[in-house]
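The next block holds one structure in the form of structure tokens; read it before the comments.
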Amino acid sequence: MTTTGALATPATPAAAATAAGSVPVTAVFVRLKLSLLRNGLKGSSKRKAAWISSLVLALVVGFFVTLGLAMLHGNAHAGTVVVLLAAILALAWTVMPLFFPGGDETLDPSRLVMLPLRPRPLVRALLASSLVGIGPLFTLCLAVGSVLAVARGGAGIAAALVAVPLLLLGCVTLARAVATANVRLLTSRKGRDLALLSGLLIAVGAQLVNFASQRLFQSGGLAQLEPAEAVVRWLPPATAVGMVDSASEGAYGVAAAQLALTVGALALLLWFWERSLTKLMVTPDGSTIAAAKPEKERGAGGFWSLLPAGRTGAAMQRTLRYTVRDPKTKSAFVTALAIGLIVPVFNALQGTGSIYLACFGAGMLGVQMYNQFGQDTSAFWMVAQTISTRRDAYVELRARAAALALVTVPYTVFVTAVTAALVGNWSGFPAALGLALALLGAMLCTGAIASGRFPYSIPSDGAFKNAAPGQGGLAWMSVFGGMLASALLCAPVIALTIWLNVADHQDVSWLLLPLGAAWGALATWSGLRLSAPTVARRLPEILASVSKG
């Protein structure tokens, strides 16, 4: 493997000088990291503004968090808060390289395999250069605030002076060791899929944090966290903060044990990192191994044989395959599936749920109908070659809507049933399902219209780039305008549902199920019919818009 990218030009002469013994490798790598940061900001005012804004935001947030933690000094639960915070901080450092591998190109040590560097000096150099950046600066602020919250007396202050660098080094080393051990994964397609699916974990994690915080304050406050803190304070690198708390309490034996555990864990991580780095440097990758034999051609039977014949079945199959294989489409779909179930379930578990929250799941998946052609990216030109009449456009849109409905309709039934079981309201199941199906049909309708009138390109790079530069307004207009129009389109069904509940006509509320299903089907058919002429007429403009990125 040859050295490529931003590391190639400055690293090679520096490595030669290092081999001659004239320049310490650690100093070279620190200067290299600073050069990468400086050169990355040249020639792009937007990138420079984004970096400066991130730095200012990190400093401001870090200052106020440090101040808030310092104000906990003397609080009975200060130790509980800062120990758990240290554990969360370490967890964040562990998973961030897996989900955002493109955020720092120096996380890829395979760029250095052709340089005359030994693993142990390279580990020291990479560790030193990893301490340069916004992330380590923010972590340092949190570490200082954490020890200020619990440090008391001479022993506590002495322990705090040791704990801050140990916590920072532990977090950075943990991130580096995990990134090096998984570097082949992170630079593969599976790694990019993992990064794109990070939105799912972030969304799920936000719901879990929200649920846990509500349960926490409803059940007695921070005292409920003490059993968890008693365990976490013995898990490195949170043991560094636990050591300060123990030394401040006069438990010197416990503090010494926690210090030994912290140092031992750091040494073990460094050894694991060095071992992974050595393996990476000497093990050939896929580019130097003969390609594997091609897989046998798979037949077109199985599930695909159940789809309709002709263009409709082919378009449905293409859409479903995109959902499974395209990283961004898959990420959006899986996130919608998870959040659509989490919101009604978590609200039901908290005792604040309603069976009508099941409509949230239908709405999350209905959004996937928007910008149908943009999801194809530049490959849409192949589809565009087959569309020459309104009938062609109608069949294409109908197939895409059918593929989406193939997943969303059973999913909506499932979410409604789970919500009804959790809230104990099976009598409201038909009405809630009918309303959800009506909403789904309305979103398929407006999604088809928006796909023809407001198409935009979805960049293939970047987990959170959902629209090409200059097309953000189109994306907002398409999705949020369509959602508002869907709500208005469902207004008659919503009004009827409210009237039946207010007037206590529960005995006839089951009529909402067939009515909602019929309303949704009619709305979908109308949207497809209205959008087909627009798509056929604006096909060159749509193709230009979705290929822009």
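Residue numbers start at 1 and run along the sequence shown. All of these numbers come straight from a predicted model, not from anything done at the bench.
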Supply the atom-to-atom distance [X] [atom1] to [Y] [atom2], rounded to the nearest 0.5 angstrom.
X      : Y      : atom1 : atom2 : value
Leu513 : Leu433 : CG    : CG    : 5.0 Å
Leu174 : Leu89  : CG    : CG    : 10.5 Å
Met364 : Tyr411 : CE    : OH    : 8.0 Å
Ser451 : Leu444 : OG    : CG    : 10.0 Å
Trp519 : Cys445 : CH2   : SG    : 11.0 Å
Thr419 : Leu341 : OG1   : CG    : 7.0 Å

*Applying side-chain contact (heavy atoms from CB on, under 4.5 Å), run through Phe373 and Val535 and close with a yes or a no.*
CA-CA 10 Å; Phe373 306 128; Val535 171; 3.8 Å; yes

Work out which heavy atom in [X] is nearest to a heavy atom in [Y]; give both atom names and the distance.
X      : Y      : value
Ala448 : Gly527 : CB-O, 4.1 Å
Leu320 : Ala403 : CD2-O, 3.8 Å
Leu397 : Met369 : O-CE, 4.2 Å
Ile355 : Ala420 : CD1-CB, 3.5 Å
Pro410 : Ala405 : CD-O, 3.7 Å
Ser130 : Val172 : CB-CG1, 3.4 Å

*Should we say atom CE of Met483 is surrounded by more than 12 heavy atoms from elsewhere, each under 6.0 Å from it?*
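Check fails, neighbour count at 12 or below.
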
Side-chain contact, heavy-atom cut-off 4.5 Å: [X] with [Y]?
X      : Y      : value
Leu137 : Leu55  : yes
Phe429 : Asn425 : no
Leu404 : Arg400 : no
Pro430 : Leu512 : no
Phe380 : Val383 : yes
Leu422 : Val345 : yes
Val423 : Tyr356 : no
Phe333 : Val324 : no

Of all residues at least two apart in sequence or in a different chain, which pass the side chain to side chain donor-acceptor pair (under 3.5 Å) check with [X]?
X      : answer
Thr446 : Tyr370, Ser486
Ser388 : Asp392
Ser526 : none

*asked:* Name the residue from Arg391, Arg318, Arg390 that meets the salt bridge (charged side-chain N to carboxylate O under 4.0 Å, His left out) definition with Glu396.
replied: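 When salt bridge (charged side-chain N to carboxylate O under 4.0 Å, His left out) is applied between Glu396 and each of Arg391, Arg318, Arg390, only Arg318 qualifies.
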
*Examine distances only and state if a side-chain atom of Arg311 and a backbone atom of Thr386 form a donor-acceptor pair shorter than 3.5 Å.*
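Yes, the answer is positive, given that a donor and an acceptor are paired below the 3.5 Å cut-off.
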
*asked:* Check this for me: does any side-chain nitrogen of one of Arg453 and Glu541 sit under 4.0 Å from a carboxylate oxygen of the other?
replied: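 Salt bridge absent between Arg453 and Glu541.
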
*Could you give me the CA-CA distance, side-chain angles and deciding distance for Thr524 and Arg398, then say whether side-chain hydrogen bond (donor to acceptor under 3.5 Å, both in side chains) is met?*
CA-CA 9 Å; Thr524 302; Arg398 184 183 64 185; over 6 Å; no

